[in-house]
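Okay, structure first, notes after.
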Amino acid sequence: MALKLCTEFSIGDEARSRGVDLFKTLSVYNLRHWFDGSTAKIVLDLDIPVVALVNVDGYTKIFASNCKEIDLYVKKLLWSLGIYEDISSFQSIASRDPLLSRFSIEWSGWRLRSSDLWWALVIGVCQQNASFRQGWSMVINIVDIYGRVVELENNGDVVLPPHPGDIVRDPSRLIDTGVGYRAKTIESIARVFTEKRIPSIDDLQKMDSRDIEAVLRGIRGVGSYTARLAMTLALRRYELPPVDRWLKKIVSKVYGVDEKSAEDIWRDMWGMWSGLAAVALTIALDAAPLREALARIERGELLPKIDTGPSPATLWRYTAIVKRRICR
DNA sequence: TGCCAGGCGGGGT
DNA sequence: ACCCCGCATGGC
């Protein structure tokens with residue numbers, strides 16, 4: 001399959017005038033498949049498909065098989081980069097926070113780059129009961145095994161994350177990705193999406209956060225953490241934070257509260273930005289495992305490092321972060 | 001080597 | 001409303 005070049009333009013001025021740092025925005029939580037240090041490949045629609053090439057200088061090309069809805073794609077690109085997201089109130093809360101004040105200044109240009117809802121759920125499931133490294137190695141393996149390469153007119157090619165239909169068609173290969181018992185969950189999510197047993201993104205966006213969470217939790221294997229992470233990553237809905245053991249322990253330690261009330265404290269502090277703040281903290285601490293994260297907080301090391309091995313900020317530099325299983 | 005890790009659901013109380 | 005356990009896999 002080949003996609004046509006529909007349009008090219010620059011978002012550089014727009015990004016600059018809104019204080020958006022495109023390198024940070026494009027590189028964080030990205031993979032080698034979709035970022036090489038200067039250009040990001042952003043999948044705007046997995047069904048059609050639609051792909052944008054965005055350079056860190058802002059120069060952008062949009063590719064699709066059908067260029068009719070180009071205005072919609074441009075809008076979606078700007079939305080997915082968070083260009084128009086006014087995070088000033090997030091930054092003002094962060095400036096008074098012991099964990100994120102430094103991050104919010106040094107990384108003020110970072111915006112969360114949103115992804116497809118189905119894919120965000122897969123990412124969430126891969127983080128369940130696993131370390132950062134293990135979780136992201138699962139994601140990479142899934143792309144390597146199920147991803148589909150499409151050509152971009154005169155601009156090389158791109159590997160698309162698997163379409164849910166690809167998983168439904170042949171779930172057996174999930175075993176080779178190292179997801180273990182999570183395979184069942186990934187498969188049931190894929191089925192929900194292919195059978196359209198879930199409201200459209202537009203309909204979900206009209207719903208209350210609690211209701212969206214309930215819809216996502218209706219999928220077996222998707223609990224509150226995964227549902228909320230997906231809402232954060234795919235819908236830019238941050239009012240319900242994904243609280244895992246990691247965040248719970250850090251919050252209870254740093255703010256001196258019971259682990260049971262960690263979520264309440266976090267939501268009281270961050271309000272509508274709770275989910276974004278949770279993701280920001282993983283960046284600031286390089287997603288270090290709990291013990292190490294607590295030690296870093298103790299030492300006041302609250303900015304991402306570049307030499308700590310795979311981390312949210314450097315993930316894109318790695319092709320594989322753990323050894324791939326040799327298939328029989 | 002045997003734990004254990006950014007969850008989850010099912011079963012207990 | 002809690003608490004507790006098993007669960008695939010890979011890292012240490």
Side-chain angles (χ1 to χ4, degrees), chain A residues 28-29 99-100 112 115 120-142 144-145 171-189 192 213-234 238 240-254 258-264 266 270 274-297 304 308-313 315 318 320-328:
Chain A
V28 166
Y29 276 115
L99 286 173
L100 286 175
L112 188 150
S115 62
L121 285 163
V122 172
I123 290 170
V125 170
C126 290
Q127 309 304 314
Q128 292 176 3
N129 195 26
S131 67
F132 172 89
R133 290 173 76 113
Q134 191 180 355
W136 281 96
S137 85
M138 295 176 205
V139 175
I140 289 172
N141 291 342
I142 291 171
D144 286 343
I145 289 181
S172 67
R173 304 190 66 203
L174 281 173
I175 299 299
D176 300 322
T177 64
V179 295
Y181 61 82
R182 302 167 191 81
K184 284 259 169 290
T185 304
I186 293 173
E187 197 185 333
S188 55
I189 297 169
V192 164
E213 183 188 19
V215 166
L216 298 178
R217 288 193 65 176
I219 305 171
R220 189 183 170 73
V222 175
S224 127
Y225 167 79
T226 307
R228 293 170 174 202
L229 184 62
M231 290 162 65
T232 297
L233 298 183
Y238 307 134
L240 296 175
V243 179
D244 45 31
R245 297 190 285 218
W246 189 82
L247 184 60
K248 207 177 276 185
K249 290 241 167 55
I250 288 175
V251 169
S252 74
K253 187 96 183 286
V254 170
D258 201 63
E259 276 186 37
K260 282 195 296 266
S261 50
E263 177 182 331
D264 294 336
W266 194 259
W270 293 103
S274 298
L276 189 69
V279 174
L281 187 60
T282 69
I283 302 168
L285 292 171
D286 290 317
L290 186 60
R291 259 170 233 295
E292 197 189 325
L294 290 171
R296 276 184 60 155
I297 292 167
T308 49
S311 71
L315 197 51
Y318 297 82
I321 57 180
V322 296
K323 249 190 307 196
R324 271 285 285 293
R325 233 172 114 106
I326 311 297
C327 309
R328 296 137 301 200

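In what follows, every chain begins at residue 1, and chains take the letters A, B, ... in the order their sequences are listed.
Within the 4.0 angstrom heavy-atom criterion, no nucleotide atom of any strand lies near A:Thr185. Base contact: A:Ala287 has a heavy atom under 4.0 Å from a base atom. Residue A:Arg220 is classed as a sugar-phosphate contact, given heavy-atom separations below 4.0 Å to backbone atoms only. Note on A:Leu290: only backbone sugar-phosphate atoms sit closer than 4.0 angstrom, heavy atoms only; bases stay farther off. Residue A:Val125 is classed as having no contact, given no heavy-atom separation below 4.0 Å to the nucleic acid.
C:dA8 atom P lies 19 Å from atom CG of A:Asn141, rounded to whole Å. Taking atom CG of residue A:Asp264 and atom C1' of nucleotide C:dA1, one finds them 14 Å apart after rounding to whole Å. Distance CZ (A:Arg245) to P (C:dC5): 14 Å, rounded to an integer number of Å. Protein atom CG of A:Asn129 is 12 Å distant from nucleotide atom C1' of C:dG10, rounded to whole Å. The nearest whole Å value for the distance from the CZ atom in A:Arg182 to the P atom in C:dG10 is 10 Å. Residue A:Gln128 contributes atom CD, which lies 15 Å from atom P of C:dT9 at whole-angstrom precision. Per the geometry, CD belonging to A:Glu292 stands 13 Å off C1' belonging to C:dC12, to the nearest Å. If you measure from atom CZ of A:Arg173 to atom P of C:dA8, you get 22 Å, rounded to the nearest angstrom.
The gap from the C1' atom of C:dG11 to that of B:dC8 amounts to 22 Å, rounded to the nearest Å. Across B:dG9 and C:dG10, the matching P atoms stand 23 Å from one another, rounded to whole Å. If you take atom P in B:dC4 and the same atom in C:dC4, they sit 15 Å apart, rounded to whole Å. Separation of the C1' atoms belonging to B:dC3 and C:dC5 is 16 Å when rounded to the nearest angstrom.
For the pair A:Lys260 and A:Tyr181, nearest-nucleotide mapping onto DNA chain C gives the more 5' position to A:Lys260.
For A:Glu187, the salt bridge (charged side-chain N to carboxylate O under 4.0 Å, His left out) partners are A:Arg191, not counting sequence neighbours. Remark: A:Tyr225 engages no residue in a ring-ring contact (aromatic ring centres under 6.0 Å, His included) (not counting sequence neighbours).
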Just do the side-chain contact (heavy atoms from CB on, under 4.5 Å) check on A:Ile140 and A:Tyr318 with the steps written out, would you? CA-CA 10 Å; A:Ile140 289 172; A:Tyr318 297 82; 5.7 Å; no

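Taking 4.5 Å as the limit, some side-chain heavy atom of A:Leu290 sits within range of a side-chain heavy atom of A:Ile250.
Smallest separation of non-hydrogen atoms from A:Leu229 and A:Pro242: N-CB, 3.7 Å.
No hydrogens or angles considered: a donor-acceptor pair under 3.5 Å links the side chains of A:Arg245 and A:Asn129. Between the side chains of A:Tyr29 and A:Ser115, not a single donor N or O lies within less than 3.5 Å of an accepting N or O.
Taking 4.0 Å as the cutoff to heavy atoms of chain A, we find the contact window on DNA chain B bounded by B:dA5 to B:dG10.
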